Amino acid sequence: MTSLPKLPLAKWVNEFVSWLTQFEGFFQAITNFLNAIINSFQWLFDLLPQWLFVAIIMGLTLYLNRKKQKWSLLLLEFFGFWYISNQGYWRDMTQTLTLVLTSSLIAIVIGIPLGIWMAKSDKVRTVVNPILDFMQTMPAFVYLIPAVAFFGIGMAPGVVASVIFAMPPTVRMTNLGIRQVPYDLIEAANSFGSTSWQKLTQVQLPIAKSTIMAGVNQSMMLSLSMVVIASMIGAMGLGTKVYFAVGRNDAGSGFTAGFAIVILAIILDRVTQAFNQSKNK
Amino acid sequence: MTTKVEVKNLTKIFGKRVNKAKELLMAGASKADILKETGATVGVDRANFTVDEGEIFVIMGLSGSGKSTTIRMLNRLIEPTNGQVILDGQDVMAMSKDELREIRRHKMSMVFQNFALLPNRTVLENAEYGLEIQGVDKATREKQANDALEMVGLTGYNDQYPTQLSGGMQQRVGLARALANDPEILLMDEAFSALDPLNRKEMQNELLDLQENMQKTIIFISHDLNEALRIGDHIMIMRDGEIVQIGSPEEILTHPANDYVERFIEDVDRSKVLTASRVMIRPVTVNIDKDGPRITLRRMRENEISSLYVIDNQHHMVGLVDARDVIQLIKDNNRDLSSIINHDVPTVEMDTPLKSMMDEASHSPLPIAVLDDRNRLQGIIIRGAVLDALNGNGGDSHD
């Protein structure tokens with residue numbers, strides 16, 4: 001063992017990263033694209049008065065739970081948002097929400113088709129599965145280094161790092177959901193002469209929907225857990241407040257900001273779950 | 001009868017080294033040897049059979065006999081290893097994907113054991129499924145699906161979801177979904193096996209009623225011999241991927257091909273399956289429009305019987321005459337048989353099962369007359385023949 005020289009793996013990665021930086025135009029295009037989404041969300045949230053924002057969220061909750069009213073959730077929303085506003089975290093909260101929504105959106109747009117592909121082909125699954133393991137277990141800090149190199153500082157690299165960390169559940173659950181569709185339904189679809197596309201859109205996706213939505217929900221929660229880490233590379237939001245509090249050894253403001261994250265997380269989780277259930281009566 | 005489906009040497013081998021296994025099979029190796037040598041399992045071994053247009057063809061066998069594989073090879077849900085399926089003179093195996101899809105959309109529809117209804121769709125939407133994927137417009141497919149649901153006796157449930165229905169009702173939806181396409185062939189894979197006995201019997205009756213009107217070709221899989229005997233025009237018995245016997249229900253009961261079939265039919269209640277036409281014998285008759293008492297008496301003497309059935313020129317059953325009355329008639333020098341005809345005779349129809357005539361047969365001293373639907377005398381049944389048939393050695397008596 002000792003006779004072998006140390007593998008220059010770190011050097012190779014560095015060389016690879018600096019080789020990639022020559023595609024500056026490509027990364028700039030991605031950055032611009034991400035910023036466009038981020039800015040539209042942020043523009044919308046800045047435009048809405050706080051009371052209207054809360055009213056919309058509560059109205060949505062009422063609509064999604066129209067079969068069984070959940071007063072506790074409505075109360076939580078009301079007092080939760082009141083707390084965030086009261087502590088002066090409103091804009092930080094909307095920035096965090098922007099980061100989460102942007103990463104979730106991208107995770108869905110990339111993750112669901114990838115999950116479908118994985119479900120349709122065992123070869124793809126064999127290749128993609130270890131990549132997903134890698135994405136989920138590699139410490140998130142590690143992504144930040146090249147992310148800054150490619151996407152600069154700010155929200156965009158934060159979104160990229162969040163997507164990498166948060167996308168796997170959507171991919172896995174889409175794959176799982178489609179593979180779990182009972183075989184006799186697939187046979188029935190085939191026996192009536194469905195094309196692959198008809199089978200996917202009329203049988204597999206509708207039946208796998210609640211599993212897929214559970215994956216999306218998980219992705220959203222994971223991207224929320226990335227906000228503190230993303231704040232280290234300049235992604236603004238509640239994470240920044242926590243990060244600053246750590247730097248100043250200020251337990252009090254660390255806690256107040258952390259608590260705001262918890263509230264946002266619970267509301268996001270319950271609302272997306274209600275969205276899932278309301279469609280699956 | 002025209003042939004609808006012809007199956008030639010249809011073979012399915014499951015596993016990895018299929019080609020090697022096929023060679024071995026063709027060379028006459030046993031399934032156990034093939035499994036040992038190649039690890040491949042022979043699902044169906046060179047099946048040959050034909051299905052006539054408009055009949056109910058039942059493929060019967062226990063689990064693992066290859067019956068489900070066989071039916072799935074007909075529409076290539078399972079791709080055969082070898083052999084041909086010829087549908088209306090066209091080789092299904094040679095069809096492209098698009099041609100095959102057309103066949104599945106328009107010619108063959110399938111009904112599944114566990115219903116296979118889409119849980120996220122209403123009853124009506126489920127029944128529309130086949131039409132929807134054909135691209136039929138909304139109004140037309142709703143109408144056709146509604147008609148199909150009505151046909152299977154399921155109205156008023158259109159907006160329910162499958163899980164809200166009982167098993168029997170769910171399978172009606174499955175049947176309606178298949179019928180909505182108006183296919184020429186219905187493939188029914190253990191369609192009634194998941195139902196409780198009462199429901200199953202009801203569905204069998206309904207299928208027979210439906211079949212009377214629609215005259216589709218139905219290929220029906222079952223593991224229940226009683227069901228097969230009840231609904232099948234022909235029954236094909238399979239075991240370990242091979243065809244053991246093909247025949248009508250009565251042929252199966254009266255001429256089992258081997259011990260395996262014999263053991264199968266041991267427990268069958270023959271009285272429900274065997275019909276009057278099977279045990280009747282050709283009657284000795286006199287024609288009332290032609291024959292007089294003397295000829296009648298001579299016929300009785302020749303055949304050593306004491307009573308005779310009387311028919312007219314059109315072969316319609318008129319009644320029965322007794323030897324003593326005939327002798328009296330001759331003594332009286334009367335030539336008219338009609339005065340002594342006994343019109344009160346027991347009659348049954350050709351397809352009356354033995355079970356429903358047991359009472360009659362055990363009480364009536366007279367032979368039972370078997371009439372067709374135009375009241376013509378086709379045969380008579382004597383008591384001994386019924387008992388013989390129930391014991392399993394009858395059925396040949398009219399040959």
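Source: prediction; values computed, not measured. Order of the sequence lines fixes the chain letters, A, B, ..., with proteins taken first and strands second; residue numbering starts at 1 for each chain. Hydrogens, waters and symmetry mates play no part in the numbers below; they use all other heavy atoms, side chains included.
- Judged by distance alone, the side chains of Gln202(A) and Ser194(A) never bring a donor and an acceptor atom under 3.5 Å apart.
- For chain A, the nearby part of Arg121(B) is the side chain; its heavy atoms alone come within less than 4.5 Å.
- Between chain A and the options His106(B), Glu102(B), Glu132(B), Met108(B), the largest number of non-hydrogen pairs under 4.5 Å is found for Glu132(B).
- Between Lys4(B) and Asp88(B) there is a salt bridge, with a side-chain nitrogen of the basic residue lying less than 4.0 Å from a carboxylate oxygen of the acidic one.
- Only the side chain of Asn75(B) comes within less than 4.5 Å of a heavy atom in chain A; its backbone stays farther off.
- The pair Asp182(B)-Lys107(B) does not meet the salt-bridge criterion, since no charged nitrogen lies less than 4.0 angstrom from a carboxylate oxygen.
- Ring pair Phe45(A)/Phe53(A): centre-to-centre distance below 6.0 Å.
- Contact of Asn181(B) with chain A is made through the side chain alone, with heavy-atom distances under 4.5 Å.
- Contacts of Tyr129(B) with chain A are made by side-chain atoms alone, with heavy-atom separations under 4.5 Å and no backbone atom involved.
- For the pair Asp137(B) and Lys143(B), the salt-bridge criterion is not met [side-chain N within less than 4.0 Å of a carboxylate O].
- For Ile103(B), no part lies near chain A; criterion is any non-hydrogen pair under 4.5 Å.
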